[in-house]
2 protein chains.
Amino acid sequence: MPPSSPKATMHDVSRLAGVSKMTVSRVLADPDLVSESTRNRVMKAIEQLSYVPDRVAGSLSSRRTNFITAILPTLTNSNFADTAQGLAEAMRPADYQLLIGYTMYRLEEEERIIRAMLARRPDAIVVAGTTHTKAANEMMLRAGIPIVEIWDTPEHPIDHAVGFSNYEVGRAAALHLLALGHRRIGALGSRMDSDAKDLRGESRLAGFTSVLREAGLSDELVIRAGQAPVSYDHGALTLGILLEQAPEVEAVFAVSDISAVGALMECHRRGIKVPGDLSLMGFGDFDIARQCVPAITTIRIDAEQIGRRTGELLLQVLDRSSARECAPAAAVNVGFELVTRGTTAPAAKPR
Amino acid sequence: MPPSSPKATMHDVSRLAGVSKMTVSRVLADPDLVSESTRNRVMKAIEQLSYVPDRVAGSLSSRRTNFITAILPTLTNSNFADTAQGLAEAMRPADYQLLIGYTMYRLEEEERIIRAMLARRPDAIVVAGTTHTKAANEMMLRAGIPIVEIWDTPEHPIDHAVGFSNYEVGRAAALHLLALGHRRIGALGSRMDSDAKDLRGESRLAGFTSVLREAGLSDELVIRAGQAPVSYDHGALTLGILLEQAPEVEAVFAVSDISAVGALMECHRRGIKVPGDLSLMGFGDFDIARQCVPAITTIRIDAEQIGRRTGELLLQVLDRSSARECAPAAAVNVGFELVTRGTTAPAAKPR
DNA sequence: CTGAAAGCGCTTACAG
DNA sequence: CTGAAAGCGCTTACAG
């Protein structure tokens, strides 16, 4: 450990500058309230002592930590990292610090994290998803701070929400494949019988399935295998399962571009032509989906924007002046967009 | 905002349980010190009031926050997210919370973040890289807490270090391509004349170049273009520049698998055979490199392990009992491994 | 095994 | 424009 020099306190600064602690505090918080000469003297003392204000003490005193808790499933191989970055970016000018927790798609872990985070007294909680354990729901309701559920459109929001309808994403995907004339249509998702559940992926599958049913098609080619979070391997694996079950499948929707890329690579390895033999589409508009050869048809959502919009919403809600009154709960739908690229094509023989 | 119920304090709990605050504190911190009957009464009161201890107050009082600051270039399209996850995982049992900052590969931003983070009084700082601004170096030296520089092997470490030699990685890459019989060898890196600098990528290029020189080869095919952080687009772009400059190039090393994948896709689009026309290798052993067709030869580093090892080291150093004495600074080299896969092959006509 | 006192380093709310 | 007092909710260090 490097040599520890005793940390200067506000008291030390005030003595050196010949003022009270309050004046030092004011110079830091609201410099205009202090006369120029005093301010300069205090600044000099701060500089001289390399004084760094202790925000732990400040937080206790002011009952505001400027911490925002962000609870996300994972940061690897997902666009939640973009959401986190967007949120951090939006909150930075106001000097908020993110407290990130990973649930690994486990609701019990989410509950544990919420409990632990509340002890840090965050000024707000951002949480991915709209389904939580009973205890988690209650803790958030009682917390007395703004809550933002993101990445979906909750039916019964706890408070605010910023996201899009995963169900509608699934429907849009199925409608696209149907419109191309495909009839033997499958999908690739992850297991729902494990502790780790991708609930939003499941919503997309549900929307997808609903369209298949309405079109009088079977949903038996909707594969749920492999554990969340999905991966390139997941796509390769589940495509293999699908092909074994139905070699004649014409079109496939993967719940994530990551899976779609894995499936595409598996097709390359097996000599299956995409498109032609198989139409393939994903979700998320990951960079890799755009760069793949062929580029993958996907449903674009702006993960960073979800973070940014959430940050802007919170900035507004947490603003001291407006915080007096309970701000009305906002529900922002950022929507999504079908991006047609090279992996989907009309069916060879439309019936 | 959900209805705010006034938060119970330790004082409330103590009154309800008919004990002193100290006893409540003990039940939470070291239950064995309290008699069973008292403990049960306190637990019941905690439950009844939904009491959540205030760690802001606890931190101020104990002079320990259980925060670890992790300063990383970016979390997107990189394996720093794995390092963060590994670190978080390792520290979780001891109830540490990560405070993550993104520098976007800018040293001035790193300095700003360090300054801001120090006000949060973290118990340790983990920072990617070994080059910092003068002010940043001084702040870390004076902070009086353990510092761990990760992802490289510093010549003059501030304190602890956990990483591998990027320079040696570059050398290993060049030696591999030379051993295959290639002579017209290039590399793909990012610009060094911008604010955002990938210094570790540059170290890899430096090692790579040193081998080329030793072999009597030119380093004019070492391309530095595009801004850090690298991306799939970066790989496609820089490969295009390289091909324009030297259509006869035989082998290429990209400073990141992400770039290598982008370059590979660009080759697919241009009808360049990999390997055959061009040997290609990357760095990092990203999932996508393994799944690509063909799979990309790379230099494997275990990003998650860097995080885990760092966490274990910190747990040891931060241990109360040993913290008395200054723990000797540790320098852990986690090494790396060349993984030969499908994108590199012997030169067609070895000279 | 339990508790009373002091204090961590700030900010709030007044007062002048 | 500046300051004295009180207090935020815990833990430390004693004492018994």
Side-chain angles (χ1 to χ4, degrees), chain A residues 6-43 45-46 49-67 95 118-123 144 320 323-324, chain B residues 6-43 45-46 49-67 95 118-123 144 320 323-324:
Chain A
K7 235 160 275 173
T9 67
M10 190 172 272
H11 180 72
D12 300 330
V13 175
S14 73
R15 274 194 321 183
L16 183 58
V19 295
S20 72
K21 284 192 303 175
M22 252 333 289
T23 300
V24 179
S25 180
R26 280 200 194 91
V27 168
L28 260 19
D30 208 341
D32 293 339
L33 260 47
V34 179
S35 77
E36 200 183 323
S37 67
T38 312
R39 196 193 318 148
N40 288 146
R41 232 171 336 124
V42 171
M43 301 278 261
I46 287 175
L49 296 171
S50 301
Y51 170 64
V52 180
D54 186 334
R55 299 192 65 175
V56 179
S59 296
L60 176 62
S61 195
S62 68
R63 319 271 46 219
R64 282 187 127 234
T65 56
N66 273 33
F67 282 131
D95 203 26
L118 282 176
R120 302 289 193 176
R121 299 294 189 261
D123 292 342
R320 279 198 128 84
R324 299 280 155 82
Chain B
K7 235 159 277 176
T9 68
M10 190 172 271
H11 181 72
D12 299 331
V13 175
S14 73
R15 274 195 320 183
L16 183 57
V19 296
S20 73
K21 283 193 303 175
M22 252 332 289
T23 300
V24 178
S25 181
R26 280 201 194 91
V27 168
L28 260 20
D30 208 340
D32 293 339
L33 261 46
V34 179
S35 76
E36 200 183 324
S37 68
T38 312
R39 196 193 319 149
N40 287 146
R41 233 172 334 126
V42 171
M43 300 279 259
I46 287 175
L49 296 171
S50 302
Y51 170 64
V52 181
D54 186 333
R55 298 191 66 175
V56 179
S59 296
L60 177 61
S61 195
S62 68
R63 319 268 50 217
R64 281 186 129 234
T65 56
N66 273 35
F67 282 130
D95 204 25
L118 283 175
R120 301 290 193 177
R121 298 295 191 260
D123 292 341
R320 280 199 128 85
R324 301 279 156 80

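Everything numeric in this text was worked out from a predicted model, so none of it was measured. First the proteins, then the strands, lettered A, B, ... as listed; each starts at 1. Atom set for the values below is all heavy atoms of this structure, side chains included, hydrogens, waters and symmetry mates excluded.
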**Candidates dC10(C), dA13(D), dC8(C) - which lies nearest the side chain of Met22(B)** = dA13(D)

**Item:** With Arg39(B) via salt bridge (Lys or Arg N to Asp or Glu O under 4.0 Å) - residues at least two apart
**Value:** none

**Asked** Tell me, do Val19(B) and Val24(B) make a side-chain contact under 4.5 Å, heavy atoms counted?
**Response** yes

**Fill in**
Applying side chain to side chain contact (heavy atoms under 4.5 Å, CB included) to Ser20(B) and not counting sequence neighbours gives Met22(B), Thr23(B)

**Request:** Enumerate, in order of first residue number, the stems that involve DNA chain D, defined as 3 or more consecutive Watson-Crick or G-U wobble pairs with both distances under 3.5 Å.
**Result:** C:1-3 with D:14-16, C:5-12 with D:5-12, C:14-16 with D:1-3

**Message:** Tell me the interatomic distance from Asp54(A), atom CG, to dT11(C), atom C1', rounded to whole angstroms.
**Reply:** 13 Å

**Prompt:** How many Å lie between CG on Leu28(A) and P on dT12(C), as a whole number?
**Reply:** 13 Å

**Prompt:** Of all residues at least two apart in sequence or in a different chain, which pass the side chain to side chain contact (heavy atoms under 4.5 Å, CB included) check with Ala119(B)?
**Reply:** Val52(A), Arg55(A)

**Message:** For dC10(D) and Tyr51(B) - does any side-chain N or O of the residue sit under 4.0 Å from the phosphate oxygens OP1/OP2?
**Reply:** yes

**Item:** Spacing between Asn66(A) atom CG and dC10(C) atom P, to the nearest angstrom
**Value:** 16 Å

**Sequence-distant partners of Leu16(B), side chain to side chain contact (heavy atoms under 4.5 Å, CB included), two or more places apart** = Ala45(B), Gln48(B), Leu49(B)

**Message:** For dG3(D) and Thr23(A) - does any side-chain N or O of the residue sit under 4.0 Å from the phosphate oxygens OP1/OP2?
**Reply:** yes

**For Arg121(A), all residues meeting salt bridge (Lys or Arg N to Asp or Glu O under 4.0 Å), sequence neighbours excluded** = Asp54(B)

**Asked** Does Thr9(A) have any side chain to side chain contact (heavy atoms under 4.5 Å, CB included) partners at least two apart in sequence or in another chain, and if so, which?
**Response** His11(A), Asp12(A)

**Prompt:** How would you label the contact of Arg55(B) with the nucleic acid (heavy atoms, under 4.0 Å): base, sugar-phosphate, or nothing?
**Reply:** nothing

**Prompt:** Of the nucleotides dT11(C), dG9(C), dC10(C), which has the atom closest to the Leu60(B) side chain?
**Reply:** dG9(C)

**Request:** Name the closest nucleotide to the Val19(B) side chain, picking from dG3(C), dC10(C), dT11(D).
**Result:** dG3(C)

**Asked** To the nearest angstrom, how far is Ile46(B) atom CD1 from dG9(D) atom P?
**Response** 16 Å

**Item:** Close side-chain approach of Val56(B) and Arg120(A), heavy atoms under 4.5 Å
**Value:** no

**Request:** Mind checking Val56(A) for me? I need base, sugar-phosphate or nothing, with any heavy atom below 4.0 Å counting as a touch.
**Result:** nothing

**Asked** Side chains of Asp123(A) and Thr65(A): does their closest heavy-atom pair fall under 4.5 Å?
**Response** yes

**Prompt:** Looking at dG7(C), does its base get a donor-acceptor pair with the side chain of Arg63(B) below 3.5 Å?
**Reply:** no

**Request:** Take Ser61(B) and Gly18(B), find for each the nucleotide of DNA chain C with the closest heavy atom, and name the residue whose nucleotide sits nearer the 5' end.
**Result:** Gly18(B)

**Request:** Identify, residue by residue, the members of residues 29-43 of chain A with a heavy atom below 4.0 Å from DNA chain C, and return them in order of residue number, or none.
**Result:** none

**Asked** Between atom CZ in Arg26(B) and atom C1' in dA4(C), what is the gap in whole Å?
**Response** 11 Å

**Asked** Between atom NZ in Lys21(B) and atom C1' in dC8(D), what is the gap in whole Å?
**Response** 11 Å

**Selection from dT2(C), dG9(D), dC10(C) that lies nearest to any side-chain heavy atom of Thr9(B)** = dG9(D)

**Request:** Keeping to residues at least two apart or across chains, list the side chain to side chain donor-acceptor pair (under 3.5 Å) pairs with something in residues 25-36 of chain B.
**Result:** Ser35(B)-Thr38(B)

**Spacing of His11(A) atom NE2 relative to dA4(D) atom P, expressed in whole Å** = 12 Å

**Request:** Would you please confirm or rule out a distance under 4.0 Å between OP1 or OP2 of dA4(C) and any side-chain N or O of Ser20(B)?
**Result:** no

**Asked** Could you give the CE-to-P distance, from Met10(B) to dG7(D), as a whole number of Å?
**Response** 20 Å

